[in-house]
Amino acid sequence: MKQYLTYDDVQILPKYSEIKHRSICNTETRITKNYKLDIPIVSSPMDTVTEYEMAYEMSRLGGMGIVHRFMSIEEQTKIINELNTHMVGAAIGVTGDFIERAYELINVGCPIICIDVAHGHHKLVKEAMRRLKNEIKGNVEILVGNIATKESARDLCEWGADGLRIGIGGGSLCSTRVQTGVGVPMVSSILDCVSVADDYDVPCMADGGIRSVGDVCKGLACGSDTIMLGSLLSGTKETPGSITKQGQWPNEVLQKKYRGSASLDSKIDRGEEKNVEGYSTTISYKGKVKRVISDIIDGIRSSMSYVGAESIIDYHSKAELIKITNAGIVEAKPHLL
């Protein structure tokens, strides 16, 4: 039985470096075959993460927001239309009105369509991709996920994917592994999928399991071109929803809602109740997302300087992962906190 590893199981090996300052490290990368980003960060298409404000700010900061699909076609296309001077993506499903939704999104200038399903290695995804490629005309690229294996990466590339979204069961509010026993630890999942996608020149995105900036760096070190974030961006000013107060003055705590797309809370809002595989919670208010992104990019550039990499492509080739023990996991964390 093969051993599969996740972020806590590995560290990045420091190497000889000639980087004079981390500020010179170039974080430009690709999200799909023909679209580039200045930073390798993408906000998740969750209904408590990405709508207009988040997509606008992510684009302004050099990344991208994927506008979630849990709204009417009119609402989603209105957001995309208002963002038409920014590079932005939009999510669709593979059932119901997905073709009509995709057509309307492309019609208002959406450059990237994200097929957003829990299990991307599926017949419905194959059929959806076939229809999108054959029935809808326009300059659009298809980002597809989520997947976790070499076989799924190969099939999706053969079906015409322009970008892959990797990660099953690793989200902060996802209970898929608990309720189904299905999933692959992120490090091994990324390494496997990237090893295939590289043969097709298809960029990969790591989605799930990110709890710190170090995890973002490890995801990139595994070969991912971009990292999708949900929980790290949750609770910021730009996320959908209102700020609530808990407690009494002067000790009030500001909070915002954060929920998984397969949570009962989210499904009930969509008129569904079955196949619940996620949770909902409240997050302490974090302020503007700019501060979070700034910390992440500082961490990425520092990591690049530790291995002597001036670009993300260079980082992919120079970053070397080492497996650590449980003692190493403990040692890696601040000891006095």
Could you tell me whether the side chain of [X] and the main chain of [Y] form a donor-acceptor pair under 3.5 Å?
X: Thr325; Y: Gly328; value: yes
X: Asp215; Y: Arg211; value: yes
X: Arg177; Y: Gly169; value: yes
X: Thr236; Y: Leu233; value: yes
X: Arg69; Y: Asp116; value: yes
X: Ser17; Y: Ile19; value: yes
X: Ser302; Y: Asp298; value: yes
X: Ser224; Y: Gly219; value: yes
X: Lys256; Y: Ile283; value: no
X: His86; Y: Arg60; value: no

Looking at side-chain heavy atoms only, is the closest gap between [X] and [Y] below 4.5 Å?
X: Ile147; Y: Cys193; answer: yes
X: Asn146; Y: Ile166; answer: no
X: Glu320; Y: Ile12; answer: no
X: Val10; Y: Ile324; answer: no
X: Lys245; Y: Val253; answer: no
X: Pro40; Y: Ile300; answer: yes
X: Ser43; Y: Met58; answer: yes
X: Val117; Y: Val125; answer: yes

Spatial distance of atom [atom1] ([X]) from atom [atom2] ([Y]) [nearest 0.5 Å]:
X: Thr226; Y: Met205; atom1: OG1; atom2: CE; value: 3.5 Å
X: Asp295; Y: Lys290; atom1: CG; atom2: NZ; value: 12.0 Å
X: Arg301; Y: Ile39; atom1: CZ; atom2: CD1; value: 9.0 Å
X: Tyr315; Y: Cys217; atom1: OH; atom2: SG; value: 4.5 Å

Tell me, yes or no, whether the heavy-atom count around [X] atom [atom1], taken from other residues, nucleotides or ligands under 6.0 Å, exceeds 12.
X: Lys15; atom1: NZ; value: yes
X: Arg130; atom1: CZ; value: yes
X: Tyr56; atom1: OH; value: no
X: Lys36; atom1: NZ; value: no
X: Lys126; atom1: NZ; value: no
X: Tyr306; atom1: OH; value: no
X: Ile313; atom1: CD1; value: no
X: Lys78; atom1: NZ; value: no

- Would Thr239 and Tyr258 count as having a side-chain donor-acceptor pair, cut-off 3.5 Å? no

Item to complete: Answer yes if the side chains of Glu141 and Asn34 hold a donor-acceptor pair under 3.5 Å, and no otherwise.
Response: yes

Considering all heavy atoms, the nearest [X]-[Y] contact:
X: Asp314; Y: Ser311; answer: N-OG, 3.1 Å
X: Gly120; Y: Trp159; answer: O-CZ3, 4.2 Å
X: Leu156; Y: Leu164; answer: CB-CD2, 3.7 Å
X: Val307; Y: Lys318; answer: O-CD, 3.7 Å
X: Gly208; Y: Met186; answer: O-CG, 3.5 Å
X: Pro240; Y: Thr50; answer: CD-N, 4.0 Å

Original post:
In terms of the angle between their ring planes, are Phe70 and His68 parallel, tilted or perpendicular, with boundaries placed at 30° and 60°?
Top reply: parallel

Hey, mind stepping through Asp201 and Arg30 against side chain to side chain contact (heavy atoms under 4.5 Å, CB included) and telling me if it holds?
CA-CA 11 Å; Asp201 192 35; Arg30 292 189 304 163; 2.9 Å; yes

Next item on the list: Any chance you could lay out the side chain to side chain contact (heavy atoms under 4.5 Å, CB included) test for Arg165 and Val144, step after step, and finish with the verdict?
Entry: CA-CA 6 Å; Arg165 183 177 167 196; Val144 193; over 6 Å; no

Same cluster or not: [X] versus [Y], using hydrophobic residues (I, L, V, M, F, W, Y) connected whenever any side-chain heavy atoms lie under 4.5 Å apart?
X: Val67; Y: Ile41; answer: yes
X: Val289; Y: Ile79; answer: yes
X: Ile210; Y: Ile296; answer: yes
X: Ile190; Y: Val216; answer: yes
X: Leu83; Y: Ile31; answer: no

So does [X] pair up with [Y], basic N to acidic O under 4.0 Å?
X: Lys323; Y: Asp9; value: no
X: Asp162; Y: Lys133; value: yes
X: Asp192; Y: Arg154; value: no

(Q) Does Val194 form a side chain to side chain contact (heavy atoms under 4.5 Å, CB included) with Asp198? I'd like the steps, not just the answer. (A) CA-CA 6 Å; Val194 167; Asp198 280 351; 3.5 Å; yes

Would you be so kind as to tabulate the donor-acceptor pairs closer than 3.5 Å made by side chains of residues 99-113, with sequence neighbours excluded?
{"from": "Arg101", "atom 1": "NH1", "to": "Met71", "atom 2": "O", "distance (Å)": "3.2"}
{"from": "Arg101", "atom 1": "NH1", "to": "Gln76", "atom 2": "OE1", "distance (Å)": "2.7"}
{"from": "Arg101", "atom 1": "NH2", "to": "Met71", "atom 2": "O", "distance (Å)": "2.8"}

task = Would you verify whether the NZ or CZ of Lys2 falls within 45 degrees of the ring axis of Tyr4 while also being under 6.0 Å from that six-membered ring's centre?
result = yes

(message) Ser231 vs Ser234, test: side chain to side chain donor-acceptor pair (under 3.5 Å). Steps then yes/no.
(response) CA-CA 5 Å; Ser231 63; Ser234 67; 5.6 Å; no

- What do the steps show when you test Gln255 against Tyr285 for side chain to side chain contact (heavy atoms under 4.5 Å, CB included), and what is the final call? CA-CA 5 Å; Gln255 297 179 321; Tyr285 180 62; over 6 Å; no

